[in-house]
Protein chains: 2
Amino acid sequence: MATTIRDVAKKSGYSITTVSRALNGYDDVSEETREKILQVAKELNYYPNRIAQNLVTKRFNTLGMFILERMTFQQPFIFEVVSGVVDEATKEDFDLLLFGTQSLRSGMKPHQMCTQRGVGGAIIMGLRLHDPIIQVMEESGFPTVLIDIPIKGKRATFVASDNQLGSLQAINHLVNLGHRHIGFINGHLEAWVSLERLKGYKKGIEEHSLPWKSEYIFQGDFSKESGKKGARILMTQNPELTAIFVASDLMATGVIEELTLMGYKIPDDISVIGFDDLDFASHIKPTLSTIRQDKYQLGIEAARKIIAMIKNENYLPEQHFLKTTLISRESTGPVRIE
Amino acid sequence: MATTIRDVAKKSGYSITTVSRALNGYDDVSEETREKILQVAKELNYYPNRIAQNLVTKRFNTLGMFILERMTFQQPFIFEVVSGVVDEATKEDFDLLLFGTQSLRSGMKPHQMCTQRGVGGAIIMGLRLHDPIIQVMEESGFPTVLIDIPIKGKRATFVASDNQLGSLQAINHLVNLGHRHIGFINGHLEAWVSLERLKGYKKGIEEHSLPWKSEYIFQGDFSKESGKKGARILMTQNPELTAIFVASDLMATGVIEELTLMGYKIPDDISVIGFDDLDFASHIKPTLSTIRQDKYQLGIEAARKIIAMIKNENYLPEQHFLKTTLISRESTGPVRIE
DNA sequence: CTGTTAGCGCTTTCAA
DNA sequence: TTGAAAGCGCTAACAG
């Protein structure tokens, strides 16, 4: 059995109350008393029981993080976000309760699971665009931060990269290399980021007044396979393309494989640029040019927001997007002279 | 405020006690009463407060997972283990509290952090061989499962892949392809798995009576850079090598890059086989032959063991290792005819 | 400055 | 079969 406040009280000769106040830094305790109590606490190796504290104070010091749809998602991405959340939480003396794909199986909603566990706010990732949970959380009034999915409740907000910016950076990069016929392989449209990346792509095309057909866009699903398929279809239908912007690194690996199979040299014949900057982007050959998302920072921001909301009843953090960065590697190069 | 057992009692007309027993499935409650209470509970959307439950019952339904040394480790590996732990925990109705690299910063030990939070057992990963925490946990008597590090307390055990088997599989594979001069690039020796992989390598060499020099072994540190360095040194000093077994996929990417730089064709001139089978192993070119660890299962096993220990005061799961699997891809091939 | 009392939401004797 | 009372470990009025 762990030592309780009672033990400290007994041994120090003070009441439980006084011990509590001394330990919690109240100033209505004489310095002498505090010192003695601190001393005893140290001797006894006493640490307050957080769940008892939580029960009585109703002050929350636990975050809940829900990771839905782990499989279809890109794992390294998730892990970096989680790392950011954990680190920021630890810094703020918050614990992190992790809920997996199967946690909602019972039909319980995230805020119910949280309330039941003394968790003050929820970070949710891996949601699809029209998941009913979004509305549930909007209306629940429970502090919620979504990752990569918009939400607009009184106590709900979201964090995401500036995906439009990312697309623009990709297009600009390609245009700077002389490309004018640029294809786009997108992820599935159940992901909000896909919508944004598409907008960015179109914006880029317009801004540079590039030649344009709707056949330049292939609708993938974030899988490597869909990258391969997209590459083949795009190049077969539009042999004039000299560059392809791919909405995820994983799909981009598929694209590169397929193009290579089709006899194209990368980047000599065709430039390929991805999105995310996952770890392997720098390990594959050719190394992959891509748009980096700061995933760790995404986690940090999510944690900051949820913690701010928990600490302040009436605070709803304003929305802002994280900047993406162009990472230029080997898979993109100057357009071939025709 | 969430609905409490009190609300259910009031609305149903029964006492708190009876409600508690009805909900917890005690059989000294008439069926009629139970039905009514269940009904009211449903109407009120009542779910018991787990932290209050925990406080009074001292029955633990939370696992603590500590991830130390995140950076030097391989993130996708960790994430899969965590996924396994989460899924198994959820299945058993356990919650998972995640502690990051900085959580022990305060000087608190894992079991103290856990006790303080009503956490019944700890899974720890990312520990180095001689970390004092190992002994602390051995002696603490707190249910503990380490990942990839041996421990032998009364309430402490560990899970790991059979790394010796993995090495043997790698060597056998190479020998089957006709290789006899096989180099080895290991991880740093602060990792127990490195010791094991080394043993397996030596065993393999012996079993097949292969020609052998201590110069065939390079001591890396799991980083890609060390893979590159190792490849260069190994091939410079031992040009007779036709294959290299590398103790991690990440290092293997470095090896392949460096060998390619040096003008070797893979696998025509030299075969390379990694360890882990991380995601990118199948995305790089050439695709990487490797020894797969079932990381997800590692997580499942860790969770099972810790849960079994929590549920049973006197149970210490016996130790066993998870089988590894040879994954043969493009980076290994028959030895070149000389 | 310190202690008494009450109570967070729940389970568990013990009586009725 | 049900309920009253005590208590898990802690904090928070409220007196003194």
Side-chain angles (χ1 to χ4, degrees), chain A residues 1-38 40-41 44-62 93 95 112-120, chain B residues 1-38 40-41 44-62 93 95 112-120:
Chain A
M1 205 53 243
T3 55
T4 74
I5 196 172
R6 217 196 182 80
D7 303 321
V8 179
K10 209 162 282 174
K11 176 144 188 203
S12 67
Y14 290 94
S15 73
I16 289 182
T17 313
T18 304
V19 172
S20 170
R21 274 180 312 217
L23 261 27
N24 288 315
Y26 283 63
D27 53 4
D28 57 353
V29 177
S30 80
E31 261 321 304
E32 198 194 330
T33 308
R34 185 194 309 283
E35 300 243 311
K36 277 191 204 158
I37 291 178
L38 249 39
V40 174
L44 261 37
N45 219 306
Y46 169 75
Y47 294 103
N49 179 322
R50 303 215 356 170
I51 78 166
Q53 277 183 163
N54 177 310
L55 189 61
V56 53
T57 59
K58 299 290 168 202
R59 235 177 271 125
F60 302 104
N61 48 10
T62 306
D93 197 29
D95 291 338
Q112 295 174 148
M113 310 232 3
C114 287
T115 308
Q116 196 182 177
R117 289 163 170 81
V119 169
Chain B
M1 209 48 244
T3 56
T4 75
I5 196 172
R6 217 196 182 81
D7 303 321
V8 179
K10 209 162 283 174
K11 177 143 185 204
S12 67
Y14 289 94
S15 73
I16 289 182
T17 312
T18 303
V19 172
S20 171
R21 276 182 309 217
L23 262 26
N24 287 316
Y26 282 62
D27 52 6
D28 58 351
V29 177
S30 80
E31 262 319 305
E32 197 194 330
T33 309
R34 184 195 309 284
E35 300 244 310
K36 276 190 206 160
I37 291 177
L38 248 42
V40 173
L44 259 38
N45 219 306
Y46 169 75
Y47 293 102
N49 180 321
R50 296 199 25 152
I51 78 167
Q53 277 180 325
N54 177 310
L55 188 61
V56 54
T57 59
K58 300 290 169 202
R59 235 176 272 127
F60 302 104
N61 49 9
T62 307
D93 198 30
D95 291 338
Q112 294 174 148
M113 310 232 2
C114 286
T115 307
Q116 195 182 179
R117 290 163 170 80
V119 169

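Below, chain A is the first sequence line, B the second, and so on; all start at residue 1.
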Point to revise | Candidates D:dC10, C:dT11, C:dG3 - which lies nearest the side chain of A:Ala52 | key: D:dC10
Check your understanding: Given that A:Thr33 and B:Asn24 both sit by DNA chain C, which one's nearest nucleotide is further toward the 5' end?
Key -> A:Thr33
Check your understanding: Expressed in angstrom and rounded to an integer, what is the separation of A:Ile37 atom CD1 from C:dG3 atom P?
Key -> 8 Å
Check your understanding: With a 3.5 Å cut-off and just heavy-atom distances, do the side chain of A:Arg50 and the base of D:dG9 make a donor-acceptor pair?
Key -> no
Study note, to complete from the structure: Ranking D:dT11, D:dG7, C:dT2 by distance to the side chain of B:Val56, first place goes to D:dG7
Practice item. Return the value, rounded to whole Å, for the distance between atom CG of B:Asn49 and atom P of D:dG9. Key: 17 Å
Review point. Does A:Tyr26 place a side-chain N or O at less than 4.0 Å from the phosphate oxygens OP1/OP2 of D:dT11?
Key: no
Point to revise | Check: A:Thr17 side chain, C:dT4 base, donor-acceptor under 3.5 Å | key: yes
Point to revise | Nearest-Å distance for atom pair CG/C1', residues A:Asn61 and D:dG9 | key: 15 Å
Practice item. Indicate whether OP1 or OP2 belonging to D:dG9 is found under 4.0 Å from a side-chain N or O atom of B:Lys58. Key: yes
Practice item. Taking atom types as modelled, find out whether A:Ser20 and A:Thr17 have a side-chain donor-acceptor pair closer than 3.5 angstrom. Key: no
**Study point:** Residue B:Thr4, side-chain heavy atoms: nucleotide from C:dC10, D:dT2, D:dC8 that is nearest
**Key:** C:dC10
Review point. Within the pair A:Arg59 and D:dA12, is there a side-chain N or O less than 4.0 Å away from OP1 or OP2?
Key: yes
Check your understanding: So do B:Gln53 and B:Pro48 actually touch side chain to side chain, heavy atoms under 4.5 Å?
Key -> yes
Point to revise | Nearest-angstrom distance from the residue atom CG of B:Asp7 to C1' of C:dC10 | key: 13 Å
Check your understanding: Does A:Ser30 have a side-chain nitrogen or oxygen under 4.0 Å from the phosphate oxygens OP1 or OP2 of C:dC1?
Key -> no
Review point. Can you name the closest pair of heavy atoms from A:Asn45 and A:Thr3 and give their distance?
Key: O-OG1, 3.6 Å
Practice item. Starting from P on C:dC1, measure out to CD on A:Glu31 and report it in whole angstrom. Key: 9 Å
Review point. Please give, in whole Å, the distance from D:dG16 P to A:Asp28 CG?
Key: 17 Å
Practice item. Write down the atom of B:Phe60, the atom of B:Val119, and the distance for their closest heavy-atom approach. Key: CD2-C, 4.0 Å
Exercise for review: Using whole Å, report how far CG of B:Asn54 lies from P of C:dC10.
Suggested key: 13 Å
Exercise for review: Using only side-chain N and O atoms of A:Tyr46, determine if any of them is under 4.0 Å from OP1 or OP2 of D:dC10.
Suggested key: yes
Review point. Does A:Ser15 have a side-chain nitrogen or oxygen under 4.0 Å from the phosphate oxygens OP1 or OP2 of C:dT2?
Key: no
Point to revise | Distance in Å, A:Ser15 OG paired with A:Arg21 CZ, rounded so as to fall on 0.5 Å steps | key: 6.5 Å
Study note, to complete from the structure: Heavy-atom nearest nucleotide on DNA chain C taken for A:Ile16 and for A:Asp27; more 5' hit belongs to A:Asp27
Check your understanding: Out of C:dT13, C:dG3, D:dC10, which has the shortest distance to the side chain of A:Gln53?
Key -> D:dC10
Review point. Nearest-Å distance, CZ (A:Arg6) to P (D:dT11)?
Key: 14 Å
Practice item. Salt-bridge test for A:Asp93 and A:Arg50: reply yes if a basic N is under 4.0 Å from a carboxylate O, no otherwise. Key: yes
